[in-house]
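Structure first, then comments.
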Amino acid sequence: MSKLPLVLRELHRSETSLGRDLLAVADRHPADQEIFHVARDIAGWSKIHVRRLAEVGHQHGVRLNPEPRWDVAPLADLAQRAGTALRKRPETGLLLLADLRRVHRKAAGVSLDWELLAQAAQAMRKRDLLDLAQACHPQTLRVMRWANAHLKVTSPQVIAS
């Protein structure tokens, strides 16, 4: 029996979680315009990936939600207000580092999930799954690079101050 449904479900779950984390980072750091806007933009990639996973999953007999809930509205509002209130506090920098580390780790996990799907798709000769992985995986790698770059720029300022 194929384990493909498990792989698709896990990738859908992890991609959804990554998108939610990116939106949460944006909400917690509204004063940092680049973090706020870029995190929201790249969270859009996760939304597209989840929708495409649901489409291809359906073709393989796996039901996945194409439009999961992306944020918890009351918590998102609270996080944004807290981020605005705390923007001048020294702990804000540490919070940003923790958020970027979490995004990087989560994106690394999603990247591995895409790699697993691509390898399985090749072995099973499932061109649609391989095409999906090849289309989505590079964007996940870009999320990792974005988080890593911001960690490199932000960490000296936060840690040395």
Side-chain angles (χ1 to χ4, degrees), residues 2-87 91-92 94-118 120-121 126 128-151:
S2 171
K3 309 300 185 292
L4 182 61
L6 294 172
V7 171
L8 292 173
R9 282 188 192 96
E10 176 56 20
L11 184 50
H12 182 272
R13 186 207 59 76
S14 63
E15 190 73 67
T16 300
S17 181
L18 175 60
R20 286 177 180 154
D21 276 5
L22 286 162
L23 291 171
V25 167
D27 288 342
R28 274 194 295 274
H29 304 282
D32 188 325
Q33 292 295 301
E34 183 173 354
I35 296 292
F36 180 80
H37 291 291
V38 174
R40 287 198 164 289
D41 287 347
I42 59 182
W45 294 342
S46 288
K47 292 179 180 182
I48 292 167
H49 297 173
V50 164
R51 197 173 315 116
R52 292 187 68 188
L53 278 163
E55 291 168 3
V56 80
H58 180 73
Q59 296 167 7
H60 292 276
V62 181
R63 292 185 61 202
L64 302 169
N65 186 354
E67 295 293 331
R69 188 166 185 175
W70 288 102
D71 63 352
V72 181
L75 293 179
D77 182 51
L78 180 63
Q80 196 164 29
R81 285 190 310 214
T84 301
L86 295 174
R87 74 173 162 237
E91 297 86 1
T92 304
L94 292 173
L95 177 62
L96 178 58
L97 290 179
D99 284 342
L100 291 170
R101 288 179 68 234
R102 184 174 33 263
V103 165
H104 187 277
R105 284 192 314 267
K106 196 160 282 188
V110 174
S111 173
L112 289 171
D113 290 344
W114 283 118
E115 195 64 51
L116 293 174
L117 180 63
K126 303 282 187 185
D128 59 336
L129 296 174
L130 182 58
D131 290 344
L132 178 63
Q134 289 175 336
C136 297
H137 189 209
Q139 291 175 323
T140 303
L141 292 172
R142 287 179 65 191
V143 173
M144 282 177 52
R145 286 193 299 272
W146 173 79
N148 189 48
H150 275 283
L151 282 164

Within the structure provided, determine whether [X] and [Y] are in side-chain contact (heavy-atom separation under 4.5 Å).
X      : Y      : answer
Asp128 : His60  : yes
Val56  : Val62  : no
Asp41  : Trp146 : no
Arg40  : His37  : no

Solution key, residues 102-113 side-chain donor-acceptor pairs under 3.5 Å, sequence neighbours excluded:
from   : atom 1 : to     : atom 2 : distance (Å)
Arg102 : NH2    : Asp99  : OD1    : 2.3
Lys106 : NZ     : Ser17  : OG     : 2.6
Lys106 : NZ     : Asp21  : OD2    : 2.8
Ser111 : OG     : His137 : NE2    : 2.7
Asp113 : OD2    : Ser14  : OG     : 2.8

Quick one: pull up [atom1] in [X] and [atom2] in [Y] and give me the separation to the nearest 0.5 Å.
X      : Y      : atom1 : atom2 : answer
Asn148 : Arg101 : CG    : CZ    : 12.0 Å
His58  : Leu64  : NE2   : CG    : 11.0 Å
Leu96  : His29  : CG    : NE2   : 4.5 Å
Glu115 : Leu141 : CD    : CG    : 8.5 Å
Gln59  : Leu129 : CD    : CG    : 8.5 Å
Leu11  : Thr16  : CG    : OG1   : 9.0 Å

Next on the checklist: Can you give me the closest heavy-atom contact between Pro5 and Ser2, atom names plus distance?
Outcome noted: CD-O, 3.6 Å
Checklist entry - Closest heavy-atom contact between Gln33 and Pro30? => result NE2-O, 3.1 Å
Checklist entry - Just by modelled atom types, is the Ala54 backbone N or O under 3.5 Å from a matching donor or acceptor in the His12 side chain? => result no
Next on the checklist: Any side-chain to backbone donor/acceptor pair from Arg20 onto Arg69? Under 3.5 Å, distance only.
Outcome noted: yes
Item to check | Under the side-chain contact (heavy atoms from CB on, under 4.5 Å) test, residues paired with Gln134 that sit two or more places apart | outcome: Arg127, Leu130, Asp131
Can you list, pair by pair, the side-chain donor-acceptor contacts under 3.5 Å of residues 43-53, counting residues two or more places apart and other chains?
from  : atom 1 : to     : atom 2 : distance (Å)
Ser46 : OG     : Glu15  : OE2    : 2.8
His49 : ND1    : Glu15  : OE1    : 3.1
His49 : ND1    : Glu15  : OE2    : 3.4
His49 : NE2    : Gln139 : OE1    : 2.6
Arg51 : NE     : Glu67  : OE2    : 3.0

